[in-house]
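Quick notes on the structure that follows.
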Amino acid sequence: MAYERVLLGMGNPLLDISAVVDNEFLTKYDIKPNNAILAEDKHLPMYDEMASKSNVEYIAGGATQNSIRVAQWMLQVPDATSYIGSIGKDKFGEEMKKNSKLAGVNVQYYEDDKAPTGTCAVCVVGGERSLVANLSAANCYKSEHLKQPENWALVEKAKYFYIAGFFLTVSPESIQLVAEHAAANNKVFMMNLSAPFICEFFKDVQEKALPYMDYVFGNETEARTFSRVHGWETDNVEEIAIKISQLPKASGAHKRITVITQGADPVVVAQDGKVKLYPVILLPKEKLVDTNGAGDAFVGGFLSQLVQEKPMEDCVRAGCYAANVVIQRSGCTYPEKPDFH
């Protein structure tokens with residue numbers, strides 16, 4: 001029972017509406033390839049258009065929820081993970097609950113009765129994905145829900161916390177409560193840069209949470225955006241990773257570690273002023289189905305070893321394994337059992 005509820009995630013639960021589209025579709029809705037944005041009014045008709053496509057799939061998603069589901073799958077230990085977020089009282093919300101329970105994650109959703117469950121359009125072109133998130137109910141999360149005794153009990157039980165940067169747009173106060181709890185109790189608090197727009201437009205709330213982050217995850221595009229926003233004048237991912245790891249910390253119990261993925265290029269891990277590169281598992285182009293959830297899966301795999309206090313090398317290897325499995329399938333999905341050794 002050592003791993004019971006050891007890992008807690010908080011974030012924006014979204015039902016992924018995934019479909020293969022073409023470049024004209026991207027142009028029509030003003031979407032950049034391989035980007036992640038929040039939906040504006042001009043994007044709203046897109047969801048119905050995608051739902052009408054013959055190749056459409058519905059998958060329980062949202063960045064943090066993906067990572068937690070993958071960690072649970074890799075661990076194969078009942079009840080090891082928990083997840084908190086906000087859904088609507090509707091059929092998509094029911095679908096999400098069913099999906100998460102099947103995945104073995106202990107979910108505590110706040111159910112909003114005014115807004116529909118959030119959705120994310122996953123537009124796949126040539127294996128690359130572009131995400132347009134319509135947060136709806138996910139945007140309604142309140143820290144009062146977190147403070148309820150049965151939910152706060154999950155915080156007290158967990159030793160590791162993971163929150164994608166997207167949640168900074170919804171409930172920075174919930175993030176702060178968990179971050180301060182982790183620092184005060186010598187627990188491990190982790191966040192993800194998540195998307196260039198988070199680093200650009202939510203810089204203030206991100207900076208408030210940064211001192212508490214023991215691990216910072218991200219990809220090379222997000223790292224470069226972070227560098228530019230902070231006036232660092234470097235595009236070198238290794239340099240940026242070191243600089244992020246050396247930013248001030250609120251708790252001295254853990255030194256900060258930065259983990260940056262770079263697609264097919266090696267994973268960059270910065271700690272103690274040094275960088276180590278870890279090769280990824282290369283995949284022949286014809287085996288790539290779509291990259292949706294690759295970064296989330298990497299984090300999930302990484303966390304599955306971290307909570308077992310395995311060395312960095314094993315954490316990264318598990319992350320690469322999980323990402324490799326997920327990009328060979330549609331959306332953030334995986335076979336029944338992992339074969340990671």
Side-chain angles (χ1 to χ4, degrees), residues 7 16 18 20 33-34 36 57 59 61 63-77 80-81 103 122 124-131 162 164 190 192-194 215-224 237-238 240-241 257-271 274-341:
L7 172 64
D16 282 352
S18 179
V20 175
N34 212 10
E57 290 182 88
I59 301 156
T64 307
Q65 186 163 242
N66 284 342
S67 296
I68 298 296
R69 279 187 17 241
V70 169
Q72 178 64 47
W73 168 67
M74 290 282 289
L75 278 162
Q76 293 286 310
V77 174
T81 61
V122 181
V124 181
V125 180
E128 295 293 336
R129 57 84 178 128
S130 294
L131 309 176
Y162 174 69
M190 303 171 276
N192 202 309
L193 299 177
S194 290
Y215 283 79
V216 175
F217 295 93
N219 66 26
E220 74 278 37
T221 316
E222 295 150 10
R224 289 184 176 124
V237 174
E238 295 176 35
I240 297 165
I257 297 176
T258 317
V259 184
I260 307 291
T261 56
Q262 312 186 84
D265 292 328
V267 178
V268 176
V269 177
Q271 58 180 331
K274 293 193 280 290
V275 154
K276 195 154 182 203
L277 300 179
Y278 296 87
V280 302
I281 307 163
L282 293 174
L283 186 73
K285 191 90 174 115
E286 63 275 11
K287 283 193 166 176
L288 175 72
V289 175
D290 79 58
T291 56
N292 180 34
D296 302 338
F298 173 86
V299 173
F302 187 102
L303 296 179
S304 74
Q305 304 307 299
L306 186 69
V307 301
Q308 299 179 67
E309 299 180 2
K310 294 283 174 67
M312 178 61 68
E313 193 181 337
D314 291 359
C315 297
V316 176
R317 223 163 41 81
C320 293
Y321 164 79
N324 186 265
V325 168
V326 162
I327 61 178
Q328 296 183 63
R329 302 164 68 92
S330 181
C332 193
T333 60
Y334 36 78
E336 192 185 340
K337 290 249 180 354
D339 59 359
F340 175 75
H341 306 294

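In what follows, residues are counted from 1 in the order of the sequence shown.
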*Of the non-hydrogen atoms in A241 and T258, which two are nearest, and what is the gap between them?*
O-OG1, 2.9 Å
*asked:* Could you measure the distance from the CG atom of D296 to the CG atom of N192? Nearest 0.5 Å is fine.
replied: 7.5 Å
*Between S130 and V125, is any pair of side-chain heavy atoms under 4.5 Å apart?*
no
*CG on N219 to CG on N34, rounded to 0.5 Å*: 8.0 Å
*Which heavy atom in T81 sits nearest to a heavy atom in Q72, and how many Å separate them?*
OG1-OE1, 2.7 Å
_Using side chain to side chain contact (heavy atoms under 4.5 Å, CB included), reason through L277 and V268 one step at a time and then give a plain yes or no._
CA-CA 5 Å; L277 300 179; V268 176; 3.6 Å; yes
*asked:* Test of understanding: with side-chain hydrogen bond (donor to acceptor under 3.5 Å, both in side chains), list the residues that count as partners of D314, not counting sequence neighbours.
replied: none
*asked:* For the backbone of D339 and the side chain of Y321, can you confirm whether one donor and one acceptor N or O come within less than 3.5 Å of each other?
replied: yes
*Going by heavy atoms in the side chains, are V325 and P338 under 4.5 Å from each other?*
no
*How far does CD of Q76 sit from CZ of F340, to the nearest 0.5 angstrom?*
13.0 Å
*Compare every heavy atom of C332 with every heavy atom of V70, then report the nearest pair and how far apart it is.*
CG2-SG, 3.9 Å
_F298 and F302 aromatic ring geometry - parallel, tilted or perpendicular at 30°/60° bounds_ = tilted
*Supply the atom-to-atom distance L7 CG to M190 CE, rounded to the nearest 0.5 angstrom.*
6.0 Å
*How far does CD1 of I260 sit from CZ of R224, to the nearest 0.5 angstrom?*
10.5 Å
_For M74 versus A322, what's the shortest heavy-atom pair and its separation?_
SD-CB, 4.5 Å
*Between V280 and A264, which heavy-atom pair has the shortest distance, and what is it?*
CG2-O, 3.2 Å
_Flag if over 12 foreign heavy atoms under 6.0 Å of CD, E128_ = yes
*Supply the atom-to-atom distance W73 CH2 to T333 OG1, rounded to the nearest 0.5 angstrom.*
9.5 Å
*Residues in ring-ring contact (aromatic ring centres under 6.0 Å, His included) with Y278, at least two apart?*
none
_Looking at every non-hydrogen atom in both residues, tell me the closest pair between A318 and G301 and how far apart they are._
CB-O, 3.3 Å
*Yes or no on side chain to side chain contact (heavy atoms under 4.5 Å, CB included) for L75 and Q308, after CA distance, side-chain angles and deciding distance?*
CA-CA 9 Å; L75 278 162; Q308 299 179 67; 3.5 Å; yes
*Check whether more than 12 heavy atoms from other residues, nucleotides or ligands sit under 6.0 Å from atom CD of E286, and answer yes or no.*
yes
